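These notes concern the structure reproduced below.
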Amino acid sequence: MSASPSMSGGAGERTRTVVWFRRDLRVEDNPALAAARRSTDTVAALLELVRSTGATHLFFNHLYDPLSLVRDHRVKQVLGAEGITVQSFNSDLLYEPWEVLDDHGCPFTMFTPFWNTCLCMVDPPAPMLPPKRINSGELSRCCSSDDLIFEDESERGSNALLARAWSPGWQNADKAFTAFINGPLIDYSVNRKKADSANTSLLSPYLHFGELSVRKVFHQVRMKQLTWSNESNGDGEEGCSLFLRSIGLREYSRYLAFNHPCSHEKPLLAHLRFFPWVVNEVYFKVWRQGRTGYPLVDAGMRELWATGWLHDRIRVVVSSFFVKVLQLPWRWGMKYFWDTLLDADLESDALGWQYISGSLPDGRELDRIDNPQFEGYKFDPCGEYVRRWLPELARLPTEWIHHPWDAPESVLQAAGIELGSNYPLPIVELDEAKSRLQDALSEMWELEAASRAEIENGMEEGLGDSSDEPPIAFPQELQHMEVDRATIHTPAMAGRRRADQMVPSITSSFFRAETETELSAAFESEVTRPEVPSQVHFQPQTRMEVRDEVASDDTAARYNGVQQQQQYTLHRHRVQGGIAPSTSEASSSWTGREGVIWTGTRSSHIG
DNA sequence: TGAAAATTCTA
DNA sequence: AGAATTTTC
């Protein structure tokens with residue numbers, strides 16, 4: 001937001017204002033907004049701010065989760081009606097979700113064709129240089145970033161350790177990026193399967209918080225690729241493709257969120273609603289603590305807790321173990337990721353968990369259980385990773401490091417390990433998990449068939465509720481436990497207040513309180529594709545609002561047409577009034593990709 | 001050169 | 001787990 005109209009074309013770099021907008025202004029902490037104190041309504045807060053500063057223009061960048069889409073649209077309406085010029089931009093993505101369509105003009109339902117299409121499109125415009133000067137008018141005086149309180153004392157304390165390893169800010173983002181493309185990128189294709197972080201870009205938190213522009217990443221990696229291609233460095237070139245692909249996954253997560261507004265809460269494939277999840281809080285706790293008895297899983301969970309980061313592959317390992325072996329409800333895991341990962345990202349994490357839990361057309365097969373032992377030798381052949389995070393196994397020879405339960409007693413003794421005592425036996429045997437999974441799947445298909453039969457018999461009125469996923473309450477106990485642990489350890493969630501998370505969960509209290517009517521209205525009518533500002537950038541802005549509306553209606557129409565043909569069954573129309581019961585009040589996190597050894601809470605990153 | 005075996009990859 | 005690709009003989 002700028003008090004002066006001189007700041008134009010913010011499409012390239014984010015500005016501080018935009019960053020504020022990403023996670024909702026915390027009005028209650030901002031002295032400049034005393035009038036709006038206690039308000040959690042962004043629109044009211046902005047209105048107040050605009051009035052008090054005399055701003056004439058408002059600029060912001062797009063977000064694609066349902067909460068933001070609705071809210072941002074309201075901002076346009078309300079502030080527009082006040083005579084404020086409101087202009088929004090794409091800054092988070094290479095291409096806007098509504099720009100990427102298949103031959104029939106329909107949104108893709110699978111990643112590969114989506115990404116191939118992206119790669120064939122005209123390259124996104126190169127990022128712009130930052131403006132030489134921003135005339136921030138009254139704004140800088142009345143609410144500089146120093147006045148905004150992003151963490152309280154207890155948060156500050158619990159973040160101290162993480163802060164040592166993490167360097168936020170765009171300069172550091174830039175440094176990390178340069179280091180990556182001049183270093184590990186060339187060997188990315190060879191090294192990417194190793195479990196440790198040395199070979200990954202560790203950029204995901206910077207990307208998440210808008211400290212690094214995806215378009216900049218895209219262009220520079222493309223240039224490297226060209227260079228290596230000319231030198232016929234096949235590996236280097238392939239590394240670039242693979243790395244860009246992980247950027248593509250991030251794009252795709254927004255794409256999915258946009259096309260399926262509930263994808264962070266509901267499985268995209270309808271039958272998953274009938275899966276009989278094992279509601280077992282002991283399993284859940286054991287998983288969180290890294291005491292499952294499977295070394296690779298446990299090492300991952302310990303690393304996650306200690307550093308707030310996990311390699312992409314290990315995210316797949318632990319989450320797939322969670323869903324397939326423990327058969328816990330995936331949204332619990334997603335919530336835990338959200339709480340612990342420093343690159344926690346709603347869209348990316350929802351994509352990841354849906355992929356793992358078999359909810360995507362191109363996801364992993366539901367009936368396939370990955371064997372952590374084999375994965376262990378694949379990603380961590382020498383056992384270094386396991387030894388680093390599980391000191392109790394440090395003296396175990398590599399031969400047994402990923403399956404200590406098979407090791408001869410003498411070997412265990414020599415390594416100082418007593419299974420069941422200082423390292424657990426497998427909490428669930430894989431064979432047992434397999435048969436349990438088979439049973440669960442048959443049950444799921446039976447229920448699904450029964451439900452479909454009933455619907456065909458015209459009984460859908462009677463079972464309106466049953467087609468929603470049965471609500472599985474998020475374990476209460478987790479809240480307390482995490483706070484306890486957080487004060488002892490370092491990680492991210494310590495003392496975080498609920499409001500800080502601002503997870504666009506449709507069921508969050510914030511949402512209900514502030515926007516329920518609007519949202520239900522939004523989801524009720526099928527014409528709701530919430531207000532996608534289309535082609536905003538290069539238009540003179542007089543007619544912009546009008547064009548927006550038209551464009552978004554267009555998009556909506558197209559979307560609805562598509563919706564029928566897709567195999568996804570996302571009963572958006574059911575999400576009304578009470579709004580679908582959700583497992584978790586928050587959501588998830590996960591990025592199929594890079595990360596940073598991250599330090600600091602989410603809320604403290606923003607500065 | 002072709003079939004069989006081994007390895008790799010899967011969003 | 002299974003398809004696709006590469007290596008082996």
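Chain letters run A, B, ... following the sequence lines, proteins first, then strands; residues in each count from 1. Computed from a predicted model, the values in this text were never measured in an experiment.
- In this structure, A/Arg364 does not reach the B/dA11 phosphate: none of its side-chain N or O atoms is under 4.0 Å from OP1 or OP2.
- Atoms CG (A/Leu244) and P (B/dA11) sit 16 Å apart, rounded to a whole Å.
- In this structure A/Lys224 satisfies the salt bridge (Lys or Arg N to Asp or Glu O under 4.0 Å) test with no other residue, sequence neighbours excluded.
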Distances under 3.5 Å between nitrogen or oxygen atoms of protein and nucleotides 1-6 of chain C:
none

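- Atom pair A/Leu360:CG and B/dA11:C1' shows a separation of 8 Å (rounding to whole Å applied).
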Would you give me the side-chain donor-acceptor pairs under 3.5 Å for residues 424-439 of chain A, sequence neighbours excluded?
{"from": "A/Ser435", "atom 1": "OG", "to": "A/Glu432", "atom 2": "O", "distance (Å)": "3.1"}
{"from": "A/Arg436", "atom 1": "NE", "to": "A/Gln327", "atom 2": "OE1", "distance (Å)": "3.3"}
{"from": "A/Arg436", "atom 1": "NH2", "to": "A/Val325", "atom 2": "O", "distance (Å)": "2.9"}
{"from": "A/Arg436", "atom 1": "NH2", "to": "A/Leu326", "atom 2": "O", "distance (Å)": "3.2"}

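- Contacts of A/Glu237 classified as salt bridge (Lys or Arg N to Asp or Glu O under 4.0 Å), with partners at least two apart in sequence or in another chain: none.
- We find that NZ of A/Lys194 is positioned 14 Å from P of B/dT8, with the value rounded to whole Å.
- A search for salt bridge (Lys or Arg N to Asp or Glu O under 4.0 Å) contacts involving A/Glu384 returns nothing, not counting sequence neighbours.
- Between the CD1 atom of A/Ile247 and the P atom of B/dA11 there is a distance of 17 Å, rounded to whole Å.
- Between A/Tyr355 and B/dA11, a base-stacking contact is recorded: ring centres under 5.5 Å apart, planes less than 30° from parallel.
- A/Glu238 has its CD atom 12 Å from the C1' atom of B/dT8, to the nearest Å.
- Atom CZ in A/Arg315 sits roughly 14 Å away from atom C1' in B/dA11 (whole-Å rounding).
- In this structure, CZ of A/Arg313 is placed 8 Å from P of B/dC9, rounded to the nearest angstrom.
- Checked against salt bridge (Lys or Arg N to Asp or Glu O under 4.0 Å), A/Asp174 has the following partners two or more places apart in sequence or in another chain: A/Lys216.
- With rounding to whole Å, A/Phe374 atom CZ is found 15 Å from B/dT7 atom C1'.
- Applying the side chain to side chain contact (heavy atoms under 4.5 Å, CB included) test between A/Leu268 and each of A/Thr109, A/Asn259, A/Leu256 identifies A/Leu256 as the sole match.
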